Visitor: 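Below you'll find the structure I mean.
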Amino acid sequence: VPSFQAPDVLDEIKLHWLTPTNKQNYQIINSYGLEQPFQTISMDELLEGVFLGGNLYISKIGNAKNKIVFAYNKKPSKAQMHWEKDAIDLILTQRMSMNEGDIPYYLVALIEDEQTHESFSATHLKNSALFVHAKDWLSEPREELIRHTAHELFHYWIGQKIKASHDYLASMWFFEG
């Protein structure tokens, strides 16, 4: 659970993650870093970020300059690891084609929702994508999963490239149009 102090200036919010001391596998991750219990972020970053804490399974690729991190709320299956490889290929291809090789960090969070009727959907926020999926989402053919993943990732990249302003609602068409 994050606690934060908001000073008069909302461009410097001091975020302190209060993590349980008795949880061995408890990890925190967000759109701005992994295992950083203290962060200073702006109000926009707070509103535009994905923040997760719990018994997460973390997978990292890349180096310090170009890191892609996957976070799962359950131990990933072999099929999820195959999907992760396809997602990495898509992310790297999009970065290369849009001349964005210098993105320092990108979080892909996968959360299973037993009540969703869609195989999966995504929400994109700063430096991150949050995929919410049904239990049987990997039963779709691989080509369909790749197409759907590319579609969801493309919303983010095109929205960031052509957004109308810093106002997310005013830019919604570019993200979801």
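Since the model is a prediction, treat every value here as computed from it, not as a measurement. Numbers here simply count residues along the sequence, with the first being 1.
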Visitor: Taking only residues two or more places apart in sequence or in another chain, which ones pass side chain to side chain contact (heavy atoms under 4.5 Å, CB included) with Ala87?
Guide: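 Listed in chain order: Phe70, Trp83, Thr149.
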Visitor: Write down the atom of Phe131, the atom of Glu152, and the distance for their closest heavy-atom approach.
Guide: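 What the structure gives for the nearest pair is CE2-CB, 3.9 Å.
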Visitor: According to side chain to side chain contact (heavy atoms under 4.5 Å, CB included), who are the partners of Lys74, at least two apart in sequence or on a separate chain?
Guide: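 In terms of side chain to side chain contact (heavy atoms under 4.5 Å, CB included), with neighbours along the sequence ignored, Lys74 is linked to Glu112, Glu114.
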Visitor: Would you say that Leu15 contacts Phe51 through its side chain, given a criterion of any heavy-atom pair below 4.5 Å between the two side chains?
Guide: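 A side-chain contact under 4.5 Å exists here.
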Visitor: Quick check on side-chain contact (heavy atoms from CB on, under 4.5 Å): which of Ile29, Leu56, Ile28 does Leu34 satisfy it with?
Guide: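 Among the candidates, only Ile29 passes.
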Visitor: Nearest 0.5 Å, please: how far is CG in Leu90 from CG in Leu153?
Guide: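 One finds 6.0 Å between CG of Leu153 and CG of Leu90.
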Visitor: Using 0.5 Å steps for rounding, measure from the CE atom of Met81 to the OG atom of Ser59.
Guide: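 One finds 4.5 Å between CE of Met81 and OG of Ser59.
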Visitor: Which pair of non-hydrogen atoms, one from Leu52 and one from Ala109, has the smallest distance, and what is that distance?
Guide: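 It is CD1-CB, 3.4 Å.
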Visitor: Looking only at heavy atoms, which two atoms of Tyr106 and Ser128 are closest? And how far apart?
Guide: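 Distance-wise, the nearest heavy atoms are CE1-N, 3.5 Å.
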Visitor: For a quick check under 3.5 Å, do Gln80 and Tyr57 share a side-chain donor-acceptor pair by atom type?
Guide: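 Side-chain D/A pair, Gln80 to Tyr57: absent.
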Visitor: Within the side chain of Ser31, is there an N or O that forms a donor-acceptor pair under 3.5 Å with the backbone of Val50?
Guide: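 Yes; at least one donor-acceptor contact below 3.5 Å.
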Visitor: Looking only at the side chains, is there a donor atom on one of Asn30 and Gln36 sitting less than 3.5 Å from an acceptor on the other?
Guide: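 Per modelled atom types, Asn30 and Gln36 side chains form no pair under 3.5 Å.
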Visitor: Where do Ser77 and Leu138 come nearest, in terms of heavy atoms and distance?
Guide: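 The pair with the smallest heavy-atom distance is OG-CD1, 4.0 Å.
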Visitor: Is there a side chain to side chain contact (heavy atoms under 4.5 Å, CB included) between Leu110 and His133? Walk through the geometry before answering.
Guide: CA-CA 7 Å; Leu110 287 94; His133 63 85; 4.2 Å; yes
Visitor: Should we count CZ of Arg142 as having more than 12 external heavy atoms under 6.0 Å?
Guide: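 Incorrect, the count does not exceed 12.
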